[in-house]
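Quick note: residue numbers are just sequence positions, from 1.
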Amino acid sequence: MGNTDSVHDVEMNSLSNADNDRPYIKRTPMRPMIAEYDPKKHGVKTELSDTVLVKYKCEKNDIPITVTNGSTLPLVERPNDEEAALYNPFEHRKLAHPTSDLDTLIHLLKGSLGTGILAMPMAFRNAGLLFGLFATFFIGAVCTYCVHILVKCAHNLCRRTQTPSLGFADVAEAAFLVGPEPVQKYARLAKATINSFLVIDLIGCCCVYIVFISTNVKGVVDYYTETDRDIRFYMAALLPFLIIFSLVRNLKYLAPFSMLANVLIATGMGITFYYIFSDLPSIKDVPNFSSWSQLPLFFGTAIFALEGIGVVMPLENNMKTPTHFIGCPGVLNTGMFFVVLLYSTVGFFGYWRYGEDTKASITLNPEQSDILAQSAKLMIAVAIFLTYGLQFYVPMEIIWKNVKQYFGSRKLLAEYVIRIVMVIFTVTVAIAIPNLGPFISLVGAVCLSTLGLMFPSVIELVTVWDQENGLGACYWKLWKNLAIISFGVLGFLTGTYVSIQEILDENK
């Protein structure tokens, strides 16, 4: 909304200067509004009420905002329903290097597969073997459905605002702008809320990375040096290396590290699978259901592992054929099926192999004395360290985009300072909460239940509310979305409470 704000600021400054030059002229507090009857809403719409949305459309399409003398309304008509139906946003996307369906599928798998997969056996321990299997597929299906909701709303809103593409936060902003009149004023708040949760989620993941790296390195170093240093020592020792890594401002320089990380993770996971399948005990000894009190921890860990909604809109926006992203089978369904299947396999067999001895990361379970197991720990620890820069890049981009206008000519220095402060913050949080299992569950419960479940449902309700038959027969879309929101709120509250309780108990 930068162009809109700048136009508004110029106008306000000129009015202010005019008032200073002519103090005897009383400024009109509000300009007259041109009323027009809207037959769909059975009410009146005004020229002023459409201003924000029209400016939004101009900005998103890189159209210069031309202002008439004494007016803040751009000289662009707001599209009617017929025009919106004819507009194809996919034809207006300007992509230098669009991705194929296969490329997008690979990126989706990479974006969804992270440290969460190593925590799935612990999630199954908190749920039970059979219940964990059922619940993982259920949560995976709900998360996938919510991504469908978000992408469909994005396509709908692209047509209605005549915008080629929208990011996650932009979808929320556009939905509120075209939604019912009472919520239109909250459009910027909706965008800011989603950006805030994305930052909290990704910074939380960075903190989890630090705990994960330190836990694995500590296991190897303590064994070979016959010491037992506090894990916080290893976290503090990581700080200078993380700071150096975080100062890389160009994404293309991080790509080689990401490729190396993929190779190391694949090798480390292969070794871990070798240990899991080498000596499976009798399945009769493994409980099929744990206890109701542990289920919130399962929910937080599972949704942390499965939810990849943050990567969805950038991937869809860069596709050569965006219509192939959703649908049957579709890139999204195919990718999420393999993700859920892989996570379920690791969780099921990991818990079956180690039972109640299952640790927060499955890499910590194999025998300390085995060199192959120790090498797997180090490989995955190095891989996660190399991924930290990429994980840190996204929240830093969101933060910097919103604060850079405050630093004038010292933008470069300010950006480096903010990067260093944010890295120190992630290490400080990790030192404060060194217990990996509940920390993962806390991040999942707080951030991903909101981003992955609640926000897409709210966005769909706002998007279709004023459309003819938008809520469907018997208002089924309303009841469906309220059910998803309720499920998200339940997971948010119980997962957060139990995770914090576990963290506090560990620190006593």
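Residues Phe455 and Leu150 have side chains not in contact (no heavy-atom distance under 4.5 Å, counting atoms from C-beta outward). In this structure, the side chains of Thr494 and Leu490 come closer than 4.5 Å at one or more pairs of heavy atoms. Looking at Ile484 and Trp479, their side chains never come closer than 4.5 Å, going by heavy atoms from C-beta outward. Within the 4.5 Å cutoff, the side chain of Leu202 has heavy atoms near those of the Gln391 side chain. Counting heavy atoms from C-beta on, the side chains of Trp352 and Ile276 never come closer than 4.5 Å. Side-chain contact between Glu415 and Met396 is present, with at least one heavy-atom pair separated by less than 4.5 Å. Annotation: side chain of Ser375 is in contact with side chain of Ile271 (closest heavy-atom distance under 4.5 Å). Under the 4.5 Å side-chain criterion, counting only non-hydrogen atoms from C-beta, Ser441 is not in contact with Val498.
When every heavy atom of Ala127 is checked against every heavy atom of Gly132, the shortest pair comes out as CB-CA, 3.8 Å. Across all their heavy atoms, Met120 and Ala302 have their closest contact at SD-CA, 4.3 Å. In plain terms, the two heavy atoms of Ile194 and Ala172 that are nearest each other are CD1-CB, 3.4 Å. The shortest non-hydrogen separation linking Thr161 to Leu157 is OG1-O, 2.6 Å. The two residues Ser499 and Leu297 make their nearest non-hydrogen contact at OG-CD2, 3.8 Å. Pairing each heavy atom of Asn317 with each of Gly167, the nearest pair is ND2-N, 4.0 Å.
Salt-bridge formation is detected for the pair Glu460/Lys480: a Lys NZ or Arg NE/NH1/NH2 atom is positioned less than 4.0 Å from an Asp or Glu carboxylate oxygen.
Side chains of Asn126 and Tyr351: no donor on one and acceptor on the other come within 3.5 Å. His324 and Glu316 form no side-chain donor-acceptor contact under 3.5 Å, judged by distance and modelled atom types alone. With 3.5 Å as the limit, one finds a donor-acceptor pair spanning the side chains of Gln294 and Ser291. Using a 3.5 Å distance cut-off with no hydrogens or angles, the side chains of Asn156 and Thr463 do not pair a donor with an acceptor. For Lys377 and Tyr223, the side-chain atoms include no donor-acceptor pair closer than 3.5 Å. Side-chain contact check for Thr136 and Ser344: no donor-acceptor pair (N or O, by modelled atom type) lies under 3.5 Å. Side-chain contact annotation: Thr323 with Thr321, donor-acceptor N/O pair under 3.5 Å absent.
No donor-acceptor pair under 3.5 Å is formed between the side chain of Arg353 and the backbone N or O of Leu280. The main-chain N or O of Val211 is never found under 3.5 Å from a side-chain atom of Ser214 such that the two would form a donor-acceptor pair. Distance alone, capped at 3.5 Å, is enough to place a donor-acceptor pair between the Asn216 side chain and the Phe212 backbone. Under a 3.5 Å cut-off, the side chain of Asn195 and the backbone N or O of Ile398 do not form any donor-acceptor pair. Side chain of Thr426 to backbone of Val423: a donor-acceptor contact under 3.5 angstrom is found. Ser278 contributes a side-chain N or O that, together with a main-chain N or O of Tyr275, makes up a donor-acceptor pair within less than 3.5 Å. Side chain of Thr99 to main chain of Asn318: a donor-acceptor pair is present (N/O by atom type, distance under 3.5 Å, no hydrogens or angles). Here the side chain of Thr163 pairs no donor or acceptor atom with the backbone of Arg159 at under 3.5 angstrom.
The six-membered or imidazole ring of Phe131 lies near that of Phe289, with a centre-to-centre distance under 6.0 Å.
Around CD1 of Ile283, the count of heavy atoms belonging to other residues, nucleotides or ligands within 6.0 Å exceeds 12. When the shell of 6.0 Å around CD of Glu367 is examined, it contains 12 or fewer heavy atoms from other residues, nucleotides or ligands. With a 6.0 Å radius and a threshold of 12 heavy atoms from other residues, nucleotides or ligands, Trp400 has its CH2 atom above the threshold.
Among residues two or more places apart in sequence or in another chain, the side chain to side chain contact (heavy atoms under 4.5 Å, CB included) test is passed with Phe337 by Leu341.
Distance OG1/Thr334 to CZ/Phe325: 10.5 Å, rounded to 0.5 Å. With rounding to the nearest 0.5 angstrom, the CZ atom of Phe439 is 9.0 Å from the CZ atom of Phe304. Here Arg125 contributes atom CZ and Asp357 contributes atom CG; the two are 8.0 Å apart, rounded to the nearest 0.5 Å. From Ile433, atom CD1 reaches atom CG of Leu504 across 9.0 Å, with rounding to the nearest 0.5 Å. Of the inter-residue distances, the one linking Asn481 atom CG with Ile459 atom CD1 reads 10.5 Å to the nearest 0.5 angstrom. To the nearest 0.5 angstrom, Ile399 atom CD1 is 8.0 Å from Ile418 atom CD1.
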Review point. For Phe299 and Phe487, what are the C-alpha separation, side-chain angles and deciding distance, and is it a ring-ring contact (aromatic ring centres under 6.0 Å, His included)?
Key: CA-CA 11 Å; Phe299 173 85; Phe487 179 60; 5.5 Å; yes

Quick one, Asp103 with Ser100, criterion side-chain hydrogen bond (donor to acceptor under 3.5 Å, both in side chains). Give me CA distance, side-chain angles, the key distance, then yes/no. CA-CA 5 Å; Asp103 291 335; Ser100 66; 3.1 Å; yes

Test side chain to side chain contact (heavy atoms under 4.5 Å, CB included) applied to Val142 and Leu453, step by step: CA-CA 8 Å; Val142 173; Leu453 301 176; 3.5 Å; yes

**Message:** Is there a side chain to side chain contact (heavy atoms under 4.5 Å, CB included) between Thr215 and Tyr234? Walk through the geometry before answering.
**Reply:** CA-CA 8 Å; Thr215 304; Tyr234 295 95; over 6 Å; no

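For the side chain to side chain contact (heavy atoms under 4.5 Å, CB included) criterion with Phe124, the lone passing option out of Val346, Leu133, Thr301 is Leu133. Across Phe257, Tyr209, Tyr388, a single residue satisfies ring-ring contact (aromatic ring centres under 6.0 Å, His included) together with Phe245, and that is Phe257.
Ring geometry, Phe277 versus Phe349: the interplanar angle falls from 30° to 60°, so the pair is classed tilted.
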